[in-house]
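Here the structure is laid out as structure tokens; the discussion comes afterwards.
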Amino acid sequence: MTSANISAEARKDSGLFGFYTNRSLGLKILIWMGIGISAGVVFGEKATIVAPIGELFIKLLLMAAVPLVFFNLIAGITSLQNIAILGRLGLRTFAYYLTTTAAALTLGLTMVSLFKPGRGMHLNEEVSEHFGDVPAVTDVILGLFPENIFRAFSDGNIGQVVVFAIFIGITTLLLPTGQKEKLQDVFALIAELLRKLVGIIMYFGPIGVGALAANTVGEYGGAIFGPLARFIGSVWFTQFVMMGFYMVLLVLLSRRNPIEWLKTTASLYATTAATCSSLASLVVAMDVAEKKLKLPQSVYSFTLPLGAQLNKDGTSIMLAAVLLFTAQAAGVEFSLMQAVTIVLIGLLLSEGSGGIPGGGLVIALIFVEAFSLPVEVAGIVAGIYRLIDMGSTTVNVMGDLVWTTVLSDIEERRSNKA
């Protein structure tokens, strides 16, 4: 390369364009959100002209959502070696994951109900009477089983898609080895393809978020800033409470010192915060489990990969928070029975969030749409989602590692008694 070419490259990388192109996706989203907010403040209602751009971004995310959930969940189940692994260890692990995820959803609903971050963000237009309609619990359970899976995909019925994926995953494990391995490879490849698709869509994310911010500020005014700050604070507080719950489990079930455990595993959380991906943090989590916590491979090689796919306590807190934030902004109140239904649906959706950066945002939009709430309001959370996702991913991975530690200690005590 000549000196002239080098000089040209240097000029290209040194200007504002070079600064922008070299930034992370999360920072680009924050930059465009700032641009969108500024446009909304300056131009007012005129800024709503960019609303179709934000709507397109949401449609692209929802387009990828159903197949993403379906194939990610199948890939997670079929990654098990055989159906026998779903024995003693498997049942305990699934019971733990379901229990803590339900606890996280309940905790998220409770804390956001107390902080009420969406109350100050009043919509200018009347909310449809259908907003917030929630089916009965029995209807939700019966409705999980599809009569026609093609109709379920066509209608975007995510609950039925998840149940069908579970059946397909378990059935795949029962096939002869050769056939099973072929399908495992196919499912894993398609899951990777769809994660790539979401990654491509997220390249459009900064502009889409900027448009959503401009439209929202232009339409609703500066009243949204206080609610967004309270929303972030309430989610962060809830995440810290969930981490405290994990430490109590360590004391009660593993008889370990939580402070020492946190010091030993501290290096992992830099990775979770930086990548915002449970799957990307998996290698580091397994290294910490083996080399620092000295846990048996027979346990961590099963619980950690499965947890990266299925255990989403941090994501569950975020789902509950986004749903209730949007409901409060829309002036919708949920009854206790409706809250139970929210937890059941949240359990299903959190299992399919994929462990990828931004995957939780896709699920959150589906969650809000499932209850007929205004998706555009929830969409502005995308602008500060990185701040939420850092904590969500850390809680997700910490929950996996806590259970891996607890299960290893339980198995060790069982072995010593034998």
Side-chain angles (χ1 to χ4, degrees), residues 76-77 79-80 84-111 237-269 271-272 278 281-282 284-318 320 343 346-347 350-351 355 391-418:
I77 294 173
S79 65
L80 302 176
I85 297 179
L86 297 176
R88 187 178 72 244
L89 297 183
L91 289 176
R92 287 179 176 178
T93 298
F94 276 110
Y96 168 84
Y97 288 165
L98 289 174
T99 301
T100 58
T101 301
L105 283 162
T106 304
L107 186 62
L109 289 173
T110 302
M111 291 300 179
F237 180 77
T238 308
Q239 290 169 345
F240 277 111
V241 172
M242 194 69 197
M243 292 177 186
F245 173 69
Y246 291 147
M247 297 305 101
V248 172
L249 289 181
L250 275 176
V251 173
L252 295 179
L253 302 179
S254 275
R255 304 164 193 171
R256 289 184 180 239
N257 184 326
I259 303 299
E260 292 299 321
W261 189 90
L262 285 172
K263 288 181 179 178
T264 303
T265 61
S267 60
L268 171 62
Y269 310 126
T271 303
T272 58
S278 299
S281 304
L282 179 58
V284 179
M286 296 180 76
D287 186 68
V288 168
E290 179 183 11
K291 296 179 180 178
K292 295 190 176 182
L293 292 174
K294 311 296 183 184
L295 303 180
Q297 184 181 13
S298 59
V299 175
Y300 76 72
S301 63
F302 167 70
T303 57
L304 291 179
L306 191 64
Q309 288 283 354
L310 301 181
N311 190 36
K312 296 288 184 290
D313 296 342
T315 301
S316 298
I317 291 172
M318 181 274 300
V343 171
L347 278 170
S350 66
E351 303 303 315
S392 296
T393 304
T394 299
V395 172
N396 289 344
V397 177
M398 183 183 289
D400 299 341
L401 197 56
V402 165
W403 173 244
T404 301
T405 303
V406 168
L407 187 58
S408 297
D409 292 344
I410 291 175
E411 289 299 308
E412 183 179 1
R413 290 196 295 268
R414 178 189 178 92
S415 178
N416 289 338
K417 287 182 180 180

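Bear in mind that the values here come from a model prediction, so they are computed numbers and not experimental data. Quick note: residue numbers are just sequence positions, from 1.
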Close side-chain approach of [X] and [Y], heavy atoms under 4.5 Å:
X    : Y    : value
V395 : Y246 : yes
F245 : L107 : no
I410 : R92  : yes
M398 : L262 : yes

Between the side chain of [X] and the main-chain N/O of [Y], is any donor-acceptor distance below 3.5 Å?
X    : Y    : value
K292 : A289 : no
Y269 : V397 : no
D313 : N396 : no

Write down the atom of [X], the atom of [Y], and the distance for their closest heavy-atom approach.
X    : Y    : result
P296 : S408 : CD-OG, 3.6 Å
L295 : R256 : CD2-NH2, 3.9 Å
Y97  : T303 : OH-O, 2.8 Å
V251 : P258 : CG2-CD, 3.7 Å
I317 : Q239 : CD1-CA, 4.2 Å

TODO: Enter the distance from S316:OG to L109:CG here, rounded to the nearest 0.5 Å.
DONE: 10.0 Å

